[in-house]
Every structure is written in structure tokens, then in C-alpha cells.
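Working notes, beginning with the structure itself.
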Amino acid sequence: MSTIAVFDMNETMLSLEPVREMWDRHVPGASREWFARLLHLSVVSNQTGDYHDFSTLGAAALSYVADAHGYEAKEPALADLQEAMGNLAAHPDVRPGLERLKEEGWTLATLTNSTRAAAAGSLHNTGLIGYFDQVLTVESVEKFKPHPDVYRIASEALQAPLNTMWMVASHDWDLAGAAAVGMKTAFVRRPGLPWAPHFADPDLEVADFVALSEALTGLTQ
């Protein structure tokens with residue numbers, strides 16, 4: 001049984017509450033709209049081959065949302081967004097869940113659309129960096145999840161077949177991409193992020209990282 005787990009970061013491990021608060025200071029209620037636009041831009045980037053890193057797309061998504069709402073203070077909003085993204089905290093269940101998996105001998109890696117600098121910064125800031133054997137990002141292939149080439153990064157870096165790995169995320173579209181290349185999928189339920197019914201069910205669905213660690217370690221005992 002596989003003991004390799006690959007983790008999404010934003011929303012799955014890291015709370016975007018500072019981003020919601022930032023948007024509420026500028027365009028109330030627009031946080032989800034901004035994140036959806038960011039993901040939209042990343043998918044278009046995959047299709048057109050016009051790659052820009054996630055931070056650049058985040059700024060473009062902010063400009064779009066501000067224009068859509070007639071909001072003119074873009075520069076202060078962008079500065080606030082950058083500060084918010086640099087100060088994300090981990091969900092409280094993440095550390096104990098990761099600790100249990102490491103104690104049981106699991107190999108853990110991140111796989112995020114964020115830049116390596118942003119991912120490493122967040123992991124250092126939250127004190128989670130020591131749990132991960134690899135910090136993997138999309139920069140090496142210049143594609144974004146759910147493009148299949150992104151998940152293959154994990155296979156190459158960890159030297160294991162994709163069908164022996166678990167992809168852990170709170171986004172159904174991310175896990176749909178992982179399932180398409182043969183990865184096992186674990187859906188961590190976060191508030192406001194339901195599972196779309198037209199996707200095939202994940203292999204595992206849990207409430208938080210503590211339940212995730214219990215379920216995964218249970219499968220290997």
C-alpha cells in the first residue's frame with residue numbers, strides 16, 4: 001500500500017481568511033470572485049501556452065474584479081492582497097494530521113499552483129516546512145493544475161508511479177485532474193468548497209487533516 005501523499009496548499013492547508021478580509025476592505029464579498037477569476041486565467045494559460053506565474057495572474061484577476069465593480073483603488077488593493085497572501089495561516093487541523101503521517105513513515109510533498117518562493121515562504125511562516133520531503137510547484141512545467149503534466153512532476157520528483165500516490169485537496173477540480181492521471185484522491189472538506197456532483201467520487205472524503213491521517217494510516221496497517 002502506498003505511503004506517499006501529495007498536498008495542495010491554498011485553502012486545503014492554508015486558510016484564505018486574510019484574503020477574504022482584504023477584499024472586504026476594498027470590494028466587499030469579492031474574495032471568491034477573485035479566486036475564481038484567478039483559476040479561470042490559469043486554465044486559459046494552459047490552453048494558450050501563454051504562461052505567467054500565479055502571482056502575476058493574481059494581480060491580473062484583481063484588476064479584472066476591480067474593474068467589474070467600478071473600483072479604482074487598484075494599487076492599494078494589490079498591496080493589501082500581496083500582504084495577505086504572505087501571511088496565510090494553516091488550518092488548525094493541519095499540523096496534527098501531518099505529524100501523524102510523518103510518525104507513520106509517510107513521504108509527504110506539496111504540489112501547488114503558487115510559485116516556489118511563495119510556497120516555501122508560507123511553509124516556513126506556518127512552521128510546516130519540516131513535514132515535507134519535497135516542495136513541488138508548477139514552475140518547472142509552466143502549466144497549472146489540473147493539467148496532467150503538473151501531477152507528473154510528483155512522479156518524477158518522488159520516483160514513484162502516479163497510481164501509488166495520494167493527492168490531497170479541498171478542490172474537486174484538482175482531484176479530478178489527479179484522478180485522470182491515475183492518482184488516488186482524498187477530498188478534505190472545507191467550508192464553502194463542496195464537491196461538484198458531476199465528478200466521480202473521490203477515493204476518500206474526510207472532514208479535516210486529523211481524520212485524513214487516521215484514514216490513511218488505517219489503510220496501511
Side-chain angles (χ1 to χ4, degrees), residues 1-24 31-32 35-36 38-39 54 83-114 116 118-137 145-146 151 154 158 165-179 183-196 199 201-221:
M1 177 65 68
S2 170
T3 55
I4 301 173
V6 181
F7 293 81
D8 175 54
M9 289 184 60
N10 293 328
E11 293 193 301
T12 300
M13 295 199 303
L14 306 176
S15 170
L16 292 187
E17 182 63 16
V19 176
R20 186 194 66 77
E21 293 173 351
M22 163 263 155
W23 274 107
D24 284 349
S31 178
R32 286 280 182 213
F35 197 62
L38 171 56
L39 296 177
F54 218 43
E83 181 177 1
M85 290 299 295
N87 290 285
L88 301 181
H91 293 291
D93 53 279
V94 171
R95 184 184 297 274
L98 295 177
E99 188 168 334
R100 169 80 181 276
L101 290 171
K102 291 305 290 185
E103 288 173 351
E104 295 292 332
W106 280 66
T107 297
L108 308 181
T110 68
L111 184 60
T112 175
N113 280 340
S114 297
R116 181 172 180 82
S122 290
L123 292 172
H124 281 289
N125 291 345
T126 56
L128 298 178
I129 188 70
Y131 294 108
F132 291 97
D133 301 277
Q134 297 268 5
V135 179
L136 306 176
T137 75
K145 295 185 289 183
Y151 303 100
L158 300 171
M165 299 181 184
W166 286 87
M167 183 71 209
V168 180
S170 58
H171 300 122
D172 52 5
W173 54 266
D174 191 348
L175 294 180
M183 298 180 81
K184 298 177 177 64
T185 56
F187 180 56
V188 180
R189 297 188 297 273
R190 296 296 186 197
L193 296 174
W195 185 268
F199 289 130
D201 290 341
D203 295 302
L204 183 64
E205 182 174 342
V206 294
D208 57 30
F209 270 55
V210 173
L212 172 74
S213 66
E214 292 173 353
L216 291 182
T217 55
L219 291 173
T220 58
Q221 292 175 352

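Along the sequence shown, residues are numbered consecutively beginning with 1. Source: prediction; values computed, not measured.
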Shortest non-hydrogen contact between [X] and [Y], atoms and distance:
X: Asn10; Y: His171; value: O-CE1, 3.2 Å
X: Thr185; Y: Pro202; value: OG1-CA, 3.3 Å
X: Leu136; Y: Ala154; value: CD1-CA, 3.7 Å
X: Pro92; Y: Pro96; value: O-CD, 3.4 Å
X: Ala119; Y: Thr137; value: CB-CG2, 4.2 Å
X: Ala90; Y: Val94; value: CB-CB, 4.4 Å

Once rounded to the nearest 0.5 Å, what's the spacing between atom [atom1] of [X] and atom [atom2] of [Y]?
X: Thr112; Y: Leu14; atom1: OG1; atom2: CG; result: 8.5 Å
X: Leu98; Y: Glu103; atom1: CG; atom2: CD; result: 11.0 Å
X: Met13; Y: Ser122; atom1: CE; atom2: OG; result: 8.5 Å
X: Ile4; Y: Leu216; atom1: CD1; atom2: CG; result: 12.5 Å

Taking [Y]'s backbone N and O only, do any of them form a donor-acceptor pair with [X]'s side chain (distance below 3.5 Å, no angle check)?
X: Asp93; Y: Val210; answer: no
X: Asn125; Y: Gly86; answer: yes
X: Arg95; Y: Thr126; answer: yes
X: Asp133; Y: Leu108; answer: yes
X: Thr12; Y: Ser170; answer: yes
X: Lys145; Y: Trp173; answer: no

- Apply the test side-chain contact (heavy atoms from CB on, under 4.5 Å) to residues Leu123 and Val135: give CA-CA distance (whole Å), side-chain angles for both, the deciding distance (0.1 Å), then the verdict. CA-CA 9 Å; Leu123 292 172; Val135 179; 3.7 Å; yes

Close side-chain approach of [X] and [Y], heavy atoms under 4.5 Å:
X: Thr107; Y: Leu158; result: yes
X: Pro18; Y: Asn87; result: no
X: Glu17; Y: Met22; result: no
X: Leu38; Y: Asn113; result: no
X: Arg100; Y: Thr217; result: yes
X: Val188; Y: Arg190; result: yes
X: Val168; Y: Leu212; result: yes
X: Pro146; Y: Tyr151; result: yes

- Neighbour count above 12 (heavy atom, 6.0 Å) for Gln134 CD: yes

- Message: I'd like to know if Glu11 and Arg189 make a salt bridge, using a cut-off of under 4.0 Å between side-chain N and carboxylate O.
- Response: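 No, this pair does not count.
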
- Do Asp203 and Lys184 sit within salt-bridge range, that is, some charged N less than 4.0 Å from a carboxylate O? no

- Message: Arg116: which residues meet the salt bridge (Lys or Arg N to Asp or Glu O under 4.0 Å) condition with it, sequence neighbours left out?
- Response: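 Once residues adjacent in sequence are excluded, Arg116 has no partner under the salt bridge (Lys or Arg N to Asp or Glu O under 4.0 Å) criterion.
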
- After noting the C-alpha distance and the side-chain angles of Trp166 and Thr3, does the key distance pass the side-chain contact (heavy atoms from CB on, under 4.5 Å) rule? CA-CA 8 Å; Trp166 286 87; Thr3 55; over 6 Å; no

- Audit row: Leu175, Trp195, side-chain contact (heavy atoms from CB on, under 4.5 Å) steps and yes/no: CA-CA 10 Å; Leu175 294 180; Trp195 185 268; 3.8 Å; yes

- Task: Start with the C-alpha gap between Met9 and Ser114, add the side-chain angles, then the distance that decides, and say whether side-chain contact (heavy atoms from CB on, under 4.5 Å) holds.
- Result: CA-CA 9 Å; Met9 289 184 60; Ser114 297; 6.0 Å; no

- Item | CA sep, side-chain torsions, deciding dist, call: Phe7, Phe209, ring pair (Phe, Tyr, Trp, His ring centres under 6.0 Å) | CA-CA 11 Å; Phe7 293 81; Phe209 270 55; 5.6 Å; yes

